[in-house]
Amino acid sequence: MSTQFPDDFKCPISLEIMSDPVILSSGHTFDRVSIQRWLDSGHRTCPITKLPLPEHPCLIPNHALRSLISNYTLVSPSKSQPCSQPQTLVSALTSPSSPIGTKLDSLTHLAGLTKRDSSLRRKLTESGAVPAVLKFVDSEDPVLQEKALSLLLNLSLDDDNKVGLVAEGAVNRVVKILRIGSPDCRAIAATIITSLAVVEVNKATIGAYPDAIPALVRLLIAGKGREKKEAATALYAICSFTDNRRRAIDCGAVPILINLLDLGLERAIEVLGLLVKCKEGREEMMKFNGCVKVLVKVLKNGSSRGVQYGLFTLNCLCNYSESFCFEARKQGVLGICMGLVEEENEKIKRYLSNLVQTLNGNHAIG
């Protein structure tokens with residue numbers, strides 16, 4: 001099955017589709033299991049560049065890539081029909097005289113081809129086909145719309161395409177889908193936002209669109225399970241840009257995310273871990289009755305990544321407010337921390353140490 005996926009989805013070490021992609025300090029992405037095995041064997045060089053690594057290399061989760069991989073099969077088109085030559089498909093897609101059925105077939109086949117062929121993705125954008133694809137994203141026909149979104153997602157996989165797609169007006173179309181599209185289309189649209197936001201300059205551009213962040217926040221409220229997860233992932237991707245954190249907070253994201261976290265959407269703690277970095281975010285979290293209890297639940301039951309972000313968020317809040325620090329001690333956070341001392345994750349160790357010092361010292365900054 002792995003041969004059906006783009007090469008970028010495969011770990012350079014195992015050559016298998018990555019289940020937990022992480023970024024090494026060299027800038028290259030590997031599956032966590034494979035690169036951890038490499039490091040545990042005593043290697044302190046990047047397997048690709050051969051450049052030296054720190055004694056304790058930091059493995060940064062590649063959330064955008066993980067989300068794209070996990071959703072890829074869900075947006076894959078049918079392969080039951082034979083495919084025409086790419087140029088013929090592009091011509092049929094862009095020609096005003098092509099019947100709508102022919103255009104749908106072209107969208108379907110091109111989506112199938114571009115998910116495996118990065119060179120075709122580049123050729124398709126260079127051919128001037130993007131406006132035609134965006135036109136079908138605007139279509140009122142849900143089938144055409146979904147196929148066009150699938151193709152647009154594939155085109156966004158290449159970093160060289162990301163800025164150009166935004167310049168062509170992709171964000172406006174995608175945000176509209178976030179507001180009024182079908183559940184499947186909304187989930188794909190949120191994934192496209194995540195993909196486009198991999199390029200740093202796009203984070204600011206997307207956040208500046210008047211309805212982009214509000215549409216994602218509304219999807220957190222009204223969406224189904226997959227839509228909520230993809231909306232949270234998209235918010236995480238764009239809120240690494242500081243100004244977008246305040247926009248998300250102004251849209252009421254904090255209480256929504258805490259409620260979703262309480263209901264089991266762990267991706268929410270990762271977004272909260274970004275929003276807590278600004279004063280407005282901390283103040284909104286402190287207003288939420290029961291915030292400490294929800295964060296404690298993450299420390300008790302969360303994954304390694306969830307615990308990491310939970311510790312960081314709690315420490316920021318305890319440092320900010322003496323009353324929050326008191327409540328955290330009252331909820332038994334120190335005892336929970338003692339139960340985490342055997343953790344081997346370097347970030348958990350660091351955040352754990354910081355939180356214990358904060359709780360013991362109670363040096364809130366107000």
Side-chain angles (χ1 to χ4, degrees), residues 2-12 15 17-18 21-24 26-31 48-49 60-77 83 85-87 89-90 93-94 106-137 146-174 177 187-206 230 233-234 237-238 240:
S2 63
T3 57
Q4 299 177 3
F5 289 76
D7 288 341
D8 292 342
F9 288 3
K10 299 176 184 177
C11 174
L15 302 181
I17 300 303
M18 291 182 276
V22 293
I23 305 171
L24 208 56
S26 62
H28 291 279
T29 297
F30 305 86
D31 203 19
I48 293 178
T49 65
I60 304 170
N62 192 333
H63 295 290
L65 182 57
R66 184 178 61 178
S67 180
L68 292 173
I69 293 172
S70 66
N71 284 284
Y72 207 64
T73 55
L74 296 175
V75 299
S76 297
C83 291
Q85 289 297 317
Q87 189 53 52
L89 296 171
V90 172
L93 182 65
T94 57
S106 295
L107 281 171
T108 301
H109 290 321
L110 285 170
L113 292 170
T114 53
K115 80 171 188 173
R116 295 184 295 272
D117 190 339
S118 60
S119 63
L120 179 56
R121 294 196 287 266
R122 289 190 292 273
K123 289 176 183 176
L124 194 58
T125 54
E126 292 167 0
S127 72
V130 170
V133 177
L134 294 177
K135 178 181 177 181
F136 288 114
V137 170
E146 185 173 346
K147 296 301 182 184
L149 283 167
S150 297
L151 178 53
L152 185 62
L153 174 57
N154 291 350
L155 295 179
S156 75
L157 295 175
D158 289 349
D159 287 354
D160 290 342
N161 287 342
K162 296 181 193 294
V163 174
L165 288 173
V166 171
E168 292 262 21
V171 177
N172 268 337
R173 269 68 168 215
V174 169
I177 299 299
I188 300 171
T191 308
I192 292 172
I193 293 291
T194 302
S195 179
L196 293 175
V198 169
V199 175
E200 200 66 27
V201 68
N202 282 350
K203 300 179 195 291
T205 305
I206 293 169
E230 292 309 316
T233 302
I238 62 179
S240 61

Out of curiosity, [X] [atom1] to [Y] [atom2], how far, rounded to the nearest 0.5 Å?
X: Asn161; Y: Ser195; atom1: CG; atom2: OG; value: 9.5 Å
X: Lys135; Y: Thr94; atom1: NZ; atom2: OG1; value: 10.5 Å
X: Thr29; Y: Asn62; atom1: OG1; atom2: CG; value: 4.5 Å
X: Lys147; Y: Ser106; atom1: NZ; atom2: OG; value: 13.0 Å
X: Arg122; Y: Thr114; atom1: CZ; atom2: OG1; value: 12.5 Å

Problem - Check against side-chain contact (heavy atoms from CB on, under 4.5 Å), Leu149 and Ile177 - result: CA-CA 9 Å; Leu149 283 167; Ile177 299 299; 3.9 Å; yes

Identify the two heavy atoms, one from [X] and one from [Y], that lie closest to each other, and give their separation to 0.1 Å.
X: Ala237; Y: Ala197; value: CB-CB, 3.9 Å
X: Leu65; Y: Pro21; value: CD2-CB, 4.0 Å
X: Glu168; Y: Arg173; value: O-NH1, 3.8 Å
X: Thr49; Y: Ser26; value: OG1-CB, 4.1 Å
X: Ser156; Y: Leu196; value: CB-CD2, 4.0 Å
X: Ile238; Y: Lys203; value: O-CB, 4.2 Å

Sub-4.5 Å side-chain heavy-atom contact between [X] and [Y]:
X: Leu152; Y: Ile192; value: yes
X: Ile188; Y: Ser150; value: yes
X: Leu124; Y: Leu151; value: yes
X: Thr205; Y: Val171; value: no
X: Val201; Y: Val166; value: no
X: Ile193; Y: Thr233; value: no
X: Lys162; Y: Asp159; value: yes

Practice task
With side-chain contact (heavy atoms from CB on, under 4.5 Å) as the test, would you mind laying out the steps for Val133 and Leu93 before giving the verdict?
Solution key: CA-CA 8 Å; Val133 177; Leu93 182 65; 4.0 Å; yes

Handout entry: Partner of Asp158 by salt bridge (charged side-chain N to carboxylate O under 4.0 Å, His left out), out of Arg121, Lys123, Lys115
Key = Arg121

